[in-house]
Asker: 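Below are the structure tokens for one structure; questions will follow.
Start at 1 with the first residue, then count along the sequence.
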Amino acid sequence: MENLLLPIFALLNLAVVATHGAALPPQLYWKSLLPTTPIPNAITRILRPDWVEEKGTAVNVGKGGVNVHAGKGGGTNVNVGGKGGGVSVNAGHKKKPVHVSVGPKSPFDYRYAATATQLHDDTKVALFFLEKDLHYGTKLDAHFTTSSNQATFLPRQVADSIPFSSDKVDDVFTKFSIKPGSEEAHIIENTLSECEETGIKGEEKYCATSLESMVDFSTSKLGKNVEVLSTEVDKEMGLQKYTVAPGVKKISGDTAVVCHKQNYPYAVFYCHKTESTRTYSVPLVGANGIRVKSVAVCHTDTSQWNPKHLAFQVLNVKPGTVPICHFLPQDHVVWVQK
């Protein structure tokens, strides 16, 4: 179970055989549209290394599916599966691994009620807090990890050639050699379902299957004078107490586009734009002295959320009563206007 989807989800490394012709590296598209906006580490780390070096490449998505290479050496392993589609993260040490269950539905999709698994998962309980607590000296339980989902971006021309639809899920299974009915298949079906569901009132949602499409969606909502931010974590840390350090900074008004990395054979981000979101840069100091440059997103209107959403049950508040915040995991990003 520990390596169930490691070759596909954690260390996806696409072969560079030109069956689709050379593709412009996605980061060059970013720089052409956003020349003054740095690419955050959350994005850079899931670009192919040869793309980061500014070299052109092509990707083989021919018969038999996308060629993948599982990589060598240690590091963080990911198992996406289990009953209910949980995710367990193995930090790669000989000690007892840290397990993180995200349940069958994402806590960042506000239409879903919390599962029993989520309610008993300390790492997700620590995810949400109230905006009134976002000030110097506040102590919060949090669990920051190095990014475990290493699925990389495909060039848009390749991603667009692959079906991304529940109606064509069998074609997706064939492309990536996934057995229908398997736990891998369940994860793919779940991601497609969440992407196809309509958003809540006041939310514009979109699943970006390439970096180029994420750039296009976000700039169409916010313009090109934007900043893109992610939480910066130096190393894997377990659940512990953090203190909010001096320097909390509000970095956006009420409009933002937040993009959450999904579990999929290649990088897919569930992006949603709302006009009731405030974004903060929050420096934190852990009980063990580690410092985290975190990004927090606060939702000022939760009236349309499912009343049984995880945040309400954890914080013991009702929909639409108080602003609710959460820290961004390291592999998620938020787009805000400068």
Asker: Between F128 and F312, does the ring centre distance come in under 6.0 Å?
Answerer: no
Asker: Are L211 and L222 connected in a single hydrophobic cluster, I mean Ile/Leu/Val/Met/Phe/Trp/Tyr linked by side-chain heavy atoms less than 4.5 Å apart?
Answerer: yes
Asker: So do N225 and Q337 actually touch side chain to side chain, heavy atoms under 4.5 Å?
Answerer: no
Asker: Closest approach of D171 and P163, non-hydrogen atoms and distance?
Answerer: CB-CG, 3.8 Å
Asker: Taking side chain as C-beta onward, heavy atoms only, is N288 less than 4.5 Å from Q240?
Answerer: yes
Asker: Nearest heavy-atom pair of K179 and A185: which atoms, and what distance?
Answerer: O-CB, 3.5 Å
Asker: Could you tell me whether the side chain of W30 reaches within less than 4.5 Å of the side chain of L47, counting heavy atoms only?
Answerer: no
Asker: Are V172 and I178 side-chain neighbours, meaning at least one heavy-atom pair lies under 4.5 Å?
Answerer: no
Asker: Distance from Q330 atom CD to R45 atom CZ, nearest 0.5 Å?
Answerer: 4.0 Å
Asker: Tell me, yes or no, whether the heavy-atom count around K168 atom NZ, taken from other residues, nucleotides or ligands under 6.0 Å, exceeds 12.
Answerer: no
Asker: Can you tell me how far apart CD (Q262) and OG1 (T209) are? Round to the nearest 0.5 Å.
Answerer: 12.0 Å
Asker: With a 3.5 Å distance limit and no angle check, can you tell me whether K261 reaches the backbone of A151 through a side-chain donor-acceptor pair?
Answerer: yes
Asker: Return the minimal non-hydrogen interatomic distance between E197 and K205, and the atom names on each side.
Answerer: O-NZ, 2.9 Å
Asker: Hey, could you give me the OG1/CG distance between T277 and D254, rounded to the nearest 0.5 Å?
Answerer: 8.0 Å
Asker: Any chance the SG atoms on C207 and C271 come in under 2.5 Å?
Answerer: no
Asker: Evaluate the side chain to side chain donor-acceptor pair (under 3.5 Å) criterion for residues Y206 and D216: first the C-alpha distance (whole Å), next the side-chain angles of each, then the deciding distance (0.1 Å), finally the verdict.
Answerer: CA-CA 11 Å; Y206 173 74; D216 288 351; over 6 Å; no
Asker: Roughly how far apart are L34 CG and Y29 OH, rounded to 0.5 Å?
Answerer: 9.0 Å
Asker: Exactly one of L140, D141, L284, V285 should register a side chain to side chain contact (heavy atoms under 4.5 Å, CB included) with K241. Which one does?
Answerer: D141
Asker: How close do P265 and I188 get, counting heavy atoms only, and between which atoms?
Answerer: CG-CD1, 4.0 Å
Asker: Report whether L154 and F173 are members of the same hydrophobic cluster (ILVMFWY, side-chain heavy atoms less than 4.5 Å apart, transitive linking).
Answerer: yes
Asker: Distance from I187 atom CD1 to S182 atom OG, nearest 0.5 Å?
Answerer: 9.5 Å
Asker: With heavy-atom distances below 4.5 Å as the criterion, would you say the side chains of F129 and L134 are in contact?
Answerer: yes
Asker: With a 4.5 Å limit on heavy-atom distance, are the side chains of V295 and F327 in contact?
Answerer: no
Asker: Taking the side chain as everything from C-beta on, heavy atoms only, tell me whether L328 gets closer than 4.5 Å to V258.
Answerer: yes
Asker: Tell me whether E275 at atom CD has more than 12 heavy atoms from other residues, nucleotides or ligands lying less than 6.0 Å away.
Answerer: no
Asker: Might you confirm whether atom NZ of K250 has over 12 heavy atoms from other residues, nucleotides or ligands at distances under 6.0 Å?
Answerer: yes
Asker: Pair up each side-chain donor or acceptor in residues 314-321 with any protein partner under 3.5 Å, not counting sequence neighbours, and list the distances.
Answerer:
{"from": "T321", "atom 1": "OG1", "to": "K318", "atom 2": "O", "distance (Å)": "2.6"}

Asker: With hydrophobic residues grouped by side-chain heavy-atom distances under 4.5 Å, do V215 and F153 end up in a single group?
Answerer: yes
Asker: Side-chain heavy atoms under 4.5 angstrom apart, residues restricted to Ile, Leu, Val, Met, Phe, Trp, Tyr: same cluster for I251 and V228?
Answerer: no
Asker: After noting the C-alpha distance and the side-chain angles of E196 and S165, does the key distance pass the side chain to side chain contact (heavy atoms under 4.5 Å, CB included) rule?
Answerer: CA-CA 8 Å; E196 291 168 350; S165 165; 3.9 Å; yes
Asker: Not counting sequence neighbours, list each pair that qualifies as a salt bridge (Lys or Arg N to Asp or Glu O under 4.0 Å) and has a residue in residues 218-227.
Answerer: E204-K221
Asker: Can you tell me how far CD1 of I43 sits from NE2 of H332, rounded to the nearest 0.5 angstrom?
Answerer: 10.5 Å
Asker: Can you say whether the rings of F176 and Y266 are parallel (under 30°), tilted (30 to 60°) or perpendicular (over 60°)?
Answerer: tilted
Asker: Do Y242 and V282 have side chains that approach each other closer than 4.5 Å (heavy atoms only, starting at C-beta)?
Answerer: no
Asker: Would L192 and V268 show up in the same hydrophobic cluster when neighbours are defined by side-chain heavy atoms closer than 4.5 Å?
Answerer: yes
